[in-house]
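In what follows, a structure is listed as structure tokens, so that the remarks can point back to it.
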Amino acid sequence: MEQKWFNVGKIVNTHGIRGEVRVISKTDFADERYEPGNKLYIFTENNDEPVEVIVETHRVHKSFDLLTFEGMPFIQDVEKFKGSLLKVPEEQLSELDEGEFYFHEIIGCKVVTEEDEEIGTIREILTTGANDVWVVKRKAGKDALIPYIDDIVKEIDVDEKRVIISLMEGLID
């Protein structure tokens, strides 16, 4: 069976001269994923095989995660990774507590109201300070933004790829 990979983030640039890379994260649990000692895999544009790296350090600077990798202490070691994707294999995903979900389980779910009116399909998750916001692609019109809070999201069925929400006044125009 072919290996299933999950996107963790994108290396958008280097940072300083000491081998740090600047990452725009697409992961659910950045602190856990970037913990020193963890393995990540870099997928470059012109290489079929991923490059295995081990996280040496992690820190947050502005809206980026800054990482260094073991054995790559200089900017010259990591410059080649600009524009590359960081991924993890399926077996590195941990079991979640009840009521917790990975992004890949939520993206692609159909969103319906409690009255079974279809709103659209979740295409992206924005991580904000307070709570996540789901970007829902509607059949017509602009995307709907649904905050992931208990007052709005009533039921999630990842097996059926279906989310039921309470349509509060002013939530969707």
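If you take OG1 on T121 and NZ on K161, they are separated by 10.0 Å, rounding to the nearest 0.5 Å. Taking CD from Q76 and CD1 from I17, the interatomic distance works out to 8.5 Å, rounded to the nearest 0.5 Å. Rounding to the nearest 0.5 Å places CG of L126 at 8.5 Å from CG of D132. Rounding to the nearest 0.5 Å places CD1 of I156 at 9.5 Å from CD of E105. To the nearest 0.5 angstrom, E35 atom CD is 10.5 Å from R33 atom CZ. Taken from CZ in R22 to CG in D65, the straight-line distance is 11.5 Å, to the nearest 0.5 Å.
L86 approaches N7 most closely through the heavy-atom pair O-OD1, 3.2 Å. Considering all non-hydrogen atoms of both residues, K154 and S166 come closest at CE-CB, 3.6 Å.
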Determine, stepwise, if the pair D116 / R162 fulfils salt bridge (charged side-chain N to carboxylate O under 4.0 Å, His left out).
-> CA-CA 11 Å; D116 207 33; R162 183 176 164 92; 2.7 Å; yes
Starting from the C-alpha separation in whole Å, work towards a yes-or-no answer on side-chain contact (heavy atoms from CB on, under 4.5 Å) for V23 and Y34.
-> CA-CA 11 Å; V23 175; Y34 302 140; 3.6 Å; yes
Decide yes or no on side-chain contact (heavy atoms from CB on, under 4.5 Å) for N13 and K82, but give the supporting numbers first.
-> CA-CA 5 Å; N13 212 339; K82 283 186 199 176; 3.3 Å; yes
Applying side-chain contact (heavy atoms from CB on, under 4.5 Å), run through V53 and E70 and close with a yes or a no.
-> CA-CA 7 Å; V53 292; E70 289 182 6; over 6 Å; no
Does the pair E114 and I164 meet the rule for a side-chain contact (heavy atoms from CB on, under 4.5 Å), with working shown?
-> CA-CA 6 Å; E114 291 173 301; I164 299 172; 3.9 Å; yes
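Screening L66, I75, L67 for a side-chain contact (heavy atoms from CB on, under 4.5 Å) with H15, the sole residue that qualifies is L66. Partner of T68 under the side-chain contact (heavy atoms from CB on, under 4.5 Å) criterion, out of R59, E20, H58: E20 alone.
By the side chain to side chain contact (heavy atoms under 4.5 Å, CB included) test, E52 is found to be paired with K39, Y41, residues two or more places apart in sequence or in another chain being considered. Scored by the ring-ring contact (aromatic ring centres under 6.0 Å, His included) test, F69 finds no partners at all (sequence neighbours excluded).
Among pairs with a residue in residues 78-103, those fulfilling ring pair (Phe, Tyr, Trp, His ring centres under 6.0 Å) read F29-Y102, Y102-H104, at least two apart in sequence or across chains.
Heavy atoms of other residues, nucleotides or ligands lying less than 6.0 angstrom from CD of E160 number 12 at most. In E45, the CD atom is not crowded: 12 or fewer heavy atoms of neighbouring residues, nucleotides or ligands sit closer than 6.0 Å.
There is no side-chain donor-acceptor pair under 3.5 Å between T44 and S84.
In this structure, the side chains of V153 and W134 come closer than 4.5 Å at one or more pairs of heavy atoms. Looking at heavy atoms from C-beta onward, V135 lies in side-chain contact with L145 at the 4.5 angstrom threshold.
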